[in-house]
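The next block holds one structure in the form of structure tokens; read it before the comments.
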Amino acid sequence: MAPLPHPARTPPASRAARPAVAAGRRIRYRIGNRRGLMMNIFADIRVLVIDALNAMTDAGALPRGLDLAAVAVEPPRDPAHGDMATNAAMVLAKPAGMKPRDIAQGLAERLSADPRITSAEVAGPGFLNLRLGTGQWRGVLRAAIAAGPAFGSVPKGHGERINVEFVSANPTGPMHVGHTRGAVFGDALANLLDFAGHEVTREYYVNDGGAQVDVLARSAFERYREAHGLEPQISEGLYPGDYLIPVGEALKARFGDSLLDLPEADWLDRIRDIAIAEMMDMIRADLELVGVRMDVYSSERALYGTGRIEAAIARLDQAGLIYEGVLEPPKGKLPDDWEPREQTLFRSTSYGDDVDRPVRKSDGRWTYFAPDIAYHWEKIDRGFDQLIDIFGADHGGYVKRMQAAVAALSNGRVPLDVKLIQLVRLFKNGEPFKMSKRAGTFVTLRDVVEQAGRDVTRFHMLTRKNDAALDFDFAKVLEQSKDNPVWYVQYANARINSVLARAAEAGVDTSDAALAGADLDLIEHPAELALARRIAEWPRTVDIAARAHEPHRIAFYLYDLASDLHALWNRGNDDQTLRFVQDGDPATTAAKMALVRSVAVVIAAGLGILGVTPAKEMR
RNA sequence: GCACCCGUAGCUCAGCUGGAUAGAGCGCUGCCCUCCGAAGGCAGAGGCCAGGGGUUCGAAUCCCUUCGGGUGCGCCA
């Protein structure tokens, strides 16, 4: 799991620092526990449990002042235990000074009075197992059909304003595989948070302020010379990729031969600006290929000369967090050219970092960190309730200092969660895959998408937790088999589509309006109701995935849902009554169509979050 | 040396912010196609959740520690 976004300690200098961001409390917003907001039936029943506990308190059956935050209502691991279980009695036993079973018994009596609850039994160490009337599950199906792809989503107005910064690749070349995973992850996370009711801004921080864009300019200049028939001097340290050849042509078209004999100082700025613009156009086009569109592009370069970097550092200075000093040499491997030098340092150790970090180099120029501090301060200023940064795993060492800066600049008000994206290992038929089609040394995003397709690429890259390495086999991701989750989910959707068409041919009205009005009491087989329960878990899955910032949970849920659908489908082979289309019985067929339509609705919603297009048929 | 991430079935991985008897796919064993799409389905075998301590009603999950793998460690971004 991701580390806490908050510092372990608050700065001694700043008493204003809010302890409100309680340590360990990563999730501060409350969603899903408002009745009906997400159509999350687990949250609904939790409200019921909380109400019952409060009633018990009023009646003197429980002491006052109990903290009910830990009370949970969850699906039990074993379906035989019922539909839901609550841990309320066990959690409250100690603070209430009572026996768990006594609390559970009292709670059971009150809950039994609710028409939705058909049974409440005390079990094990104090679990309260609940069974709901089958009508509850049928209600879920109706809600799903009525809501359509919005089923499980939270209406706007209750969420937070969240900034998701991702990709932020250097504008020095095309995007490669690693960027692809980060792009897909960030976009899916943004979709997920949006679905969960938050106001999300997708943002790209353009690292156009450092030395590497000067290298880009020099590389482009060589291609410009090449465009004039001269031999390019791609010396060590310049970017060799042939993607700069068209940039050279563009420069020729723009400047003719006027720059050819000028010293670097006379062309560097102009060429750099154009080259960066060209690279960003290329990156935007690459992002389009995987269906990613940013809301905001923020430029590092634009921060220089505005005083904003100075202001950010000054603010830290006022808090006593900036000083001139000399760092200890790093332990272990000592850099060859290490010598003690005085730098301007940020006291990030006050916020749990390992060492203080330089913001200004010994030559007086800003480090990369300084504009990044200013940039994050700007994001805080723009009023976001929460910041999320998505980095490659090789930037893990950067996390603590960034969180320290954000904590200091926001007085601990704005949490920064940093998601690290592990590397992607490419294979083809199990063999490690190397390709250098257009960029010299790496496999580009374009290479991947052209071979695997956008939907397959996106889905597959979301089938692993972000902090676990991902194997991407060009052959396997295109395989049409059960062990390929992409295909398996799409296949489920195609089957539903197929069966809906068959029902329509048989004269059943399969419009959503008609299905929502179908007599769902005709759905009564345990296997069918089990599928309905799975559908009921969708809003809860969204809630949990959004809180954890883990879109891969959506992909796994969809696989489970598809698996249930396929299983039920197959049972129809043995048991005619479980077939979805019941010849000569339009009422039952309609009810079953409502069931499968609900599955399709959830698949559409889930794939929508992942940014994958549902397939109507498999070819 | 320090920090962060990871360690779950033979393999690849989930595990719902601490819940009941730890799950899926592949592989293995045995069944199932005159039948809505069998490019599938059902059942079974397979686990000291890396090891050891701790916290509590309860730990794969939280804390400490050891071991093993990855990443990073001033004036790159």
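Letters A, B, ... mirror the listed sequences (proteins, then strands); counts begin at 1. None of these values were measured; they are calculated from a predicted model.
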(request) Produce a footprint string for nucleotides 40-46 of chain B: one letter per nucleotide, 5' end first; B if the base is under 4.0 Å from any protein heavy atom, S if only the sugar-phosphate is, - if neither. (result) SSS----
Do [X] and [N] have a side chain to base donor-acceptor pair shorter than 3.5 Å?
{"X": "Arg540(A)", "N": "C16(B)", "value": "yes"}
{"X": "Asp208(A)", "N": "A77(B)", "value": "no"}
{"X": "Arg464(A)", "N": "C13(B)", "value": "no"}

(request) Report the distance from atom CZ of Arg357(A) to atom P of C4(B), rounded to the nearest whole Å. (result) 12 Å
(message) Checking base pairs now: Watson-Crick or wobble, both atom distances under 3.5 Å. What partners C42(B)?
(response) G30(B)
Contact class for [X] (heavy atom, under 4.0 Å): base, sugar-phosphate, or nothing?
{"X": "His395(A)", "answer": "base"}
{"X": "Ala85(A)", "answer": "base"}
{"X": "Arg101(A)", "answer": "nothing"}

(message) So is the aromatic ring of Tyr398(A) stacked onto the base of G72(B), judging by whether the centres are under 5.5 Å apart and the planes are under 30° apart?
(response)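 The ring of Tyr398(A) is not stacked on G72(B).
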(request) Measure from NZ or CZ of Arg347(A) to the centre of the six-membered ring of Tyr323(A) and say whether it is under 6.0 Å with the direction within 45° of the ring axis. (result)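 Yes; both conditions hold, so Arg347(A) lies above the ring face of Tyr323(A).
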(request) Could you list the residues that satisfy salt bridge (charged side-chain N to carboxylate O under 4.0 Å, His left out) with Asp208(A), not counting sequence neighbours? (result) none
(message) Let's see if you get this right: which residues in residues 72-82 of chain A place a heavy atom under 4.0 Å from RNA chain B?
(response)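 Heavy-atom contacts with RNA chain B come from Glu74(A), Arg77(A), His81(A).
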